[in-house]
Amino acid sequence: MNNKEIARVFRVIADILEIKDENFFRIRAYRNAAGHIENLTQDLNDFNQAGLQDIPGVGADLSAKIIEMLKSGKLEYFEELKKSIPCGLLDIMDIPGIGPKTTKLLYEKLRIDSIDSLEKAARSGLIAGLPGLKEKTQENILKGILLIKQKPEKILFSYAQNTAENIISSLKKLKEIKQACIAGSLRRGKETVRDIDILAASLSAEKAMELFTGLDLVKDVIAKGPAKSSIRTKDGIQVDLRVVDPKSFGAALVYFTGSKEHNIRIRELAKKNNLKINEYGVFDLKTDKIAAAEKEEDIYAALGLSFIPPELREDRGEVEAAKIKKLPKLITLSDIKADLHVHSEWSDGNASISVMAETAFKKGYEYMVISDHSQGLGIARGLNPQRLYKQIDEIKTLNKKFKKFRILSAAEVDIKSDGTLDFSEDVLKDLDVVLAAVHSGFKQSSREMTKRLVKAMENRYVNIIVHPTGRLINERPRYEFDFEEVVKTAKDTNTALEINCYPKRLDLDDIHARRAKQEGVRISLGTDAHSAEQFEFMRLGVMVGRRAWLEKKDVLNCLSCEEFLKKIKKD
DNA sequence: GCCGTTTTCGGCCCGACTGTTTTCAGTCG
C-alpha cells in the first residue's frame, strides 16, 4: 500500500469511529495522522518502526498499524471495523449538513443505510418527525443529495481566482468595506480548491452581507449571519464571506487563510505561551489583554514566529522553521528571468517564434527556450530533423535582431516506450537545450516506466524532464513509477525536473517538487505556452514552487542565460 | 490515540450559523 491508501484507511476509520460515537480525541488522532501522512514527501516503505514514530501524530499504535498495512496490504482492525456498520452510512455522512450524529439517528430509527434509502425516506416525509428533525432538515437533505450526485469536479486554481476577484471587486464598490481579500486555500495557492473564502473588513457587516448574498452570480444562500455568510454560485462553487472589524483584520486573515492544521498548530503554540489566538486577535490567557490583531505579521510575532507566507501554511514543518527563523526565502515571480518551455507555430503552438520572443522580452525576460515537439508526436505536428534544422536557422537569424534577449533552440523530445528518444544523439547535440517527455504508453508497469525515465535521463544530452508525472487534473492520474529512483537519477545525472505551469498540469506538484529540492535536484519552470498570453501561466508555477519551499537557488529560471547553459551541462 | 520547557496521566484549538429549541446540539471550517 502507498501513503495515500494508508492515509485513506485512517480517514475512513475516523469516520466509522465517529458514527460509533467513540472518543472524540481518538478520532482526531486518526485524522491528524492521515493528514501528516498525506503531506509526507517520502514513501512510508522507506521508514523503519522508529522512524515512523517520528512522523507527527504517529505513535506506537498507529506505526504498528502502518507496518501491518505495508507488509500484508490490509489492516485486520479496519476489516473488523467495516463489518460493524453498513458501508452506506459513510456515503450519507458526505451529504453537506449531515454528520455522524444524524447518520446514526437515521440508521437507528429508520434503518437508513444508503443514499438511496435516505432519499426515499425524505421524499415520503419520514425524516420530519424524528426527534430534533423537521421539514427544513428534510428539505436540506434532499438538496444535499442532489449536490453530491452532481459530483462537482475539483475547481482549478485559476478559475476560482477569477471568480473570487470578481466578487471582491463588487464588494469593494461598497464604501463601508475598507478592505477585502482572498483567504483560504486559494490564498495558500493550492492547485485545486473546494470553495472560495473571502475576508472583508467593515464596520457595517450587515450591508456587506446584503450585497454579497444578493450578487448576480448567487444561486443559493447557504447561510447568512452578521459575521459570516455562505452562498453557492450558479456554477456550483461555494463562497464564504467573513466580515470583521478592521482592527482585527490580521488575526482574521490568519484564521481564515488556514490551513486548519496550521491553525491548530499555532493555537497550541499560543496556549503553551499562555496566550489564546482566535479570529479577533492574540490575547493573554489570564488578563485577556490583546497582544496583536491588526496585522498578520504581528500575530506571528506575538507567538515568537517569523512571518509565514500563506503558501507554507500546511503544517509541513513551517511553524518549527519559523520558530528558529529558518524559513526559506521563497522565489517570487520577479526572480524569473526566462521561460524554459515554449511552443511555436512550428509545431502545435499558434504564434510565430518572433511573436513569442517579443512577448517574453516585454515581460522582462532575458531569454526563452523554444521547445517544439519532435517528429513522433504527429498530432502536434512534431518536427522531423530537417524542419528542426530550419527552425534552428530561423532562431539564429532572430537572435541577431535582439540585443538584450536570447532565444535558445530546443525540442520537447518524445521518450519512447523503451526509453530511447525520438531524435538521435547526432541531432540532439546541435540543440542548446533538450527537454524530454512521456506522451504515450501511460499504462506501462511502474517498473517499466521507471526504467524508461531513468534511461532518458542517462542520455548525455537530456537536460530537463518536463511534466514528469503526466497527470492532468480532473482528467488523468499520474502514471505509475518510482519517484524516489527518478529523483536519485536526476541528481546523479544533473537532469532537472520541471514544474509545468499549465493550469491542468502543475506537474511536478508541490509535494514532489519539494522532495526533488530536498535531494538537491534542480527545478525548471516552464509554461508550455502554446500562445503568447499563456506566458501568464508562469505565476501558477511560481505558486507551486513556493508551496514546495523553493528558493531562487533551486530554480534554473533564476539564472542568467549564460549561467543557465553552464549549469545544465552534463559530465 | 498522541504527547510532554510544569505533566508518562490528563489534557487535547476555537468560534459561527442553522434548526431545533427556549438554552443548545450538530455541523462546519
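Predicted model, so just to flag it, every value in this text is computed and none were measured. For the numbers below, each heavy atom of this structure counts, side chains included, while hydrogens, waters and symmetry mates do not. Numbers restart at 1 for each chain; the letters A, B, ... are given by sequence-line order, proteins then strands.
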If you check every side-chain atom of [X], which of [options] has the closest atom?
X        : options                : value
A/Asp197 : B/dC17, B/dG1, B/dG29  : B/dG29
A/Lys101 : B/dC13, B/dG26, B/dA16 : B/dG26
A/Lys136 : B/dT20, B/dG15, B/dG1  : B/dT20
A/Phe25  : B/dC17, B/dG29, B/dG1  : B/dG1
A/Lys260 : B/dA16, B/dC13, B/dT20 : B/dC13
A/Leu62  : B/dC13, B/dG15, B/dG1  : B/dG1
A/Asp61  : B/dT20, B/dG1, B/dA16  : B/dG1
A/Lys276 : B/dG1, B/dC14, B/dA16  : B/dC14

Tell me the interatomic distance from [X], atom [atom1], to [N], atom [atom2], rounded to whole angstroms.
X        : N      : atom1 : atom2 : answer
A/Gln238 : B/dT27 : CD    : C1'   : 12 Å
A/Leu130 : B/dT21 : CG    : C1'   : 16 Å
A/Ile19  : B/dG26 : CD1   : C1'   : 15 Å
A/Glu268 : B/dC12 : CD    : P     : 10 Å
A/Leu241 : B/dC17 : CG    : C1'   : 14 Å
A/Tyr255 : B/dC28 : OH    : P     : 14 Å
A/Glu261 : B/dG29 : CD    : C1'   : 11 Å
A/Ile98  : B/dC28 : CD1   : C1'   : 13 Å

Is there a side-chain contact between [X] and the phosphate of [N], meaning an N or O under 4.0 Å from OP1 or OP2?
X        : N      : result
A/Arg28  : B/dC13 : yes
A/Arg267 : B/dC13 : no
A/Thr102 : B/dT27 : yes
A/Lys271 : B/dG11 : no
A/Lys134 : B/dT21 : yes
A/Lys228 : B/dT18 : no
A/Lys272 : B/dT5  : no
A/Asn278 : B/dC13 : no
A/Lys224 : B/dT18 : no
A/Arg26  : B/dC12 : no
A/Thr137 : B/dT20 : yes

Between CZ on residue A/Arg242 and CE on residue A/Met209, distance to nearest 0.5 Å | 8.0 Å

Spacing of CG belonging to A/Asp510 relative to CG belonging to A/Leu312, to within rounding of 0.5 Å |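 Nearest 0.5 Å value for the CG-CG distance: 10.5 Å.
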
Closest approach of A/Leu215 and A/Ser170, non-hydrogen atoms and distance?
->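 Taking every non-hydrogen atom into account, CD2-CB, 3.7 Å.
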
If you take all heavy atoms of A/Ala251 and A/Tyr280, which pair is closest and at what distance?
->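 Minimum heavy-atom separation between A/Ala251 and A/Tyr280: CB-C, 3.7 Å.
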
Rounded distance in Å between the [atom1] positions of [N] and [M]:
N      : M      : atom1 : value
B/dC2  : B/dT6  : P     : 23 Å
B/dT27 : B/dT21 : P     : 15 Å
B/dC13 : B/dC3  : P     : 13 Å
B/dT5  : B/dG1  : C1'   : 24 Å
B/dT20 : B/dG26 : P     : 14 Å
B/dT7  : B/dG11 : C1'   : 9 Å
B/dT23 : B/dG29 : C1'   : 24 Å
B/dC9  : B/dC14 : C1'   : 25 Å

Would you kindly say whether A/Lys207 and A/Ser202 are connected by a side-chain donor-acceptor distance under 3.5 Å?
->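 There is no such pair between these side chains.
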
So which one's nearest nucleotide on DNA chain B is more toward 5', A/Gly57 or A/Asn263?
->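 Going by which nucleotide is closer to the 5' end, it is A/Gly57.
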
Toward the 5' end of DNA chain B, which comes first, A/Pro226 or A/Ile55, by nearest nucleotide?
->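 Closest to the 5' end, via its nearest nucleotide, is A/Ile55.
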
Mind checking [X] for me? I need base, sugar-phosphate or nothing, with any heavy atom below 4.0 Å counting as a touch.
X        : value
A/Arg194 : sugar-phosphate
A/Lys104 : nothing
A/Ala60  : sugar-phosphate
A/Leu133 : sugar-phosphate
A/Asn140 : sugar-phosphate
A/Ile277 : sugar-phosphate
A/Phe24  : nothing

State whether the side chain of A/Asp197 and the backbone N or O of A/Leu186 hold a donor-acceptor pair below 3.5 Å, judged by distance alone.
->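 Looks like no, no N/O pair under 3.5 Å.
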
Side chain to side chain, A/Pro503 and A/Leu540, heavy atoms closer than 4.5 Å = yes

Given that both distances must come in under 3.5 Å, which nucleotide forms a Watson-Crick or G-U wobble pair with B/dG1?
-> B/dC12

A/Glu79/A/Lys74 ion pair, N-O < 4.0 Å = no

Describe, in one word, how the ring planes of A/Tyr502 and A/Phe537 are oriented to each other, choosing from parallel (under 30°), tilted (30 to 60°) and perpendicular (over 60°).
-> perpendicular

